[in-house]
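Report on the structure given below.
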Amino acid sequence: MAPSAAVWSTTDCLAAGCGELVKVWQPGNPTSDIKIFEGATVYSVDFSRNNKVLAVAGDKSQVVVYSNRPQPPSGERSVGRFPDLPKAGLDCITCVRFAPSDTHLVGGAQNGMLRIWSLRSKEEERIVTGLTGSATSVAVNHTTEMLASASSTGQVL
């Protein structure tokens, strides 16, 4: 699928993943669709605070980060991956969340581990363990000092 040249709105847009496709659109504007073919099952998407960046998590064992503007010269939207290269033993990423400060990205994995990456350095800063089952959601509070996650077994950490 060729990359879309459209720019998504930074004020009022939605995103959803279905199968291997991520769709970004403006409610009430049927011509605003931007489709991103991920090439692997998508489990979770999250916008940065300013809506200029979209994180997509799924079967790739990486979180792929996309810009709201196509990047020259290729027109591709991908602007980064966390981790940069897939790591041995890293399960698929089942949930993803930007910290409200847009300084960190948190990904929850099928093996129950949470990984926290710095958006500046792209380095993994911390691994949180303790969830039983697959991480199904992750939340970061407004001060970026606390996080919570839920698992497929109903556990909240």
Side-chain angles (χ1 to χ4, degrees), residues 1-11 13-24 34-131 134-151 157:
M1 179 179 292
S4 170
V7 175
W8 71 64
S9 169
T10 58
T11 57
C13 61
L14 298 170
C18 181
E20 297 181 350
L21 187 68
V22 175
K23 180 179 168 183
V24 181
I34 297 171
K35 294 179 177 80
I36 301 168
F37 181 69
E38 185 60 17
T41 302
V42 174
Y43 292 115
S44 182
V45 297
D46 190 41
F47 279 111
S48 63
R49 186 172 44 105
N50 64 10
N51 274 9
K52 290 184 179 181
V53 180
L54 179 68
V56 177
D59 275 343
K60 285 186 175 179
S61 300
Q62 290 178 303
V63 176
V64 183
V65 180
Y66 294 96
S67 170
N68 73 319
R69 296 184 176 280
Q71 303 300 299
S74 68
E76 290 295 323
R77 291 181 184 278
S78 175
V79 292
R81 297 176 183 278
F82 295 86
D84 280 336
L85 299 171
K87 293 182 178 180
L90 183 60
D91 262 1
C92 70
I93 309 293
T94 52
C95 52
V96 65
R97 180 76 56 207
F98 279 99
S101 61
D102 282 345
T103 58
H104 291 83
L105 187 64
V106 181
Q110 195 168 34
N111 64 5
M113 292 180 143
L114 304 176
R115 295 176 186 268
I116 303 171
W117 292 282
S118 164
L119 290 173
R120 278 192 219 290
S121 69
K122 291 191 173 182
E123 296 294 319
E124 184 177 87
E125 290 191 351
R126 187 169 178 194
I127 298 174
V128 180
T129 60
L131 275 180
S134 177
T136 57
S137 66
V138 63
V140 183
N141 81 328
H142 70 282
T143 63
T144 313
E145 294 176 1
M146 294 187 291
L147 78 100
S149 184
S151 78
L157 178 68

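Computed from a predicted structure; not experimentally measured.
The nearest pair of heavy atoms linking H142 to P100 is CA-CG, 3.8 Å. Contact detail for K122 and G80: the closest heavy-atom pair is NZ-CA, 3.7 Å. Across every non-hydrogen atom of V63 and A55, the tightest pair is CG1-CB, 3.8 Å. Nearest heavy atoms, V45 versus A15: CG2-O, 3.8 Å. Between N50 and D102, the shortest heavy-atom contact is N-OD2, 3.9 Å. Residues L131 and S149 come closest through the heavy atom pair CD1-OG, 3.4 Å.
The closest donor-acceptor contact from the side chain of Q71 to the backbone of R69 lies under 3.5 Å.
Using a 4.5 Å heavy-atom threshold, the side chains of L147 and I116 count as touching. Between F47 and V24 there is a side-chain heavy-atom pair separated by less than 4.5 Å. You'll find the side chain of P83 reaches within 4.5 Å of the side chain of Q62, heavy atoms only. Under the 4.5 Å side-chain criterion, counting only non-hydrogen atoms from C-beta, V64 is not in contact with I36.
Of the candidates V56, D59, I93, D59 is the only one forming a side chain to side chain contact (heavy atoms under 4.5 Å, CB included) with Y43. Of the listed residues (V22, V79, I34, N68), just one forms a side chain to side chain contact (heavy atoms under 4.5 Å, CB included) with L54, and that residue is V22.
For K60, the NZ atom counts as densely surrounded, since its 6.0 Å shell holds more than 12 non-hydrogen atoms of other residues, nucleotides or ligands.
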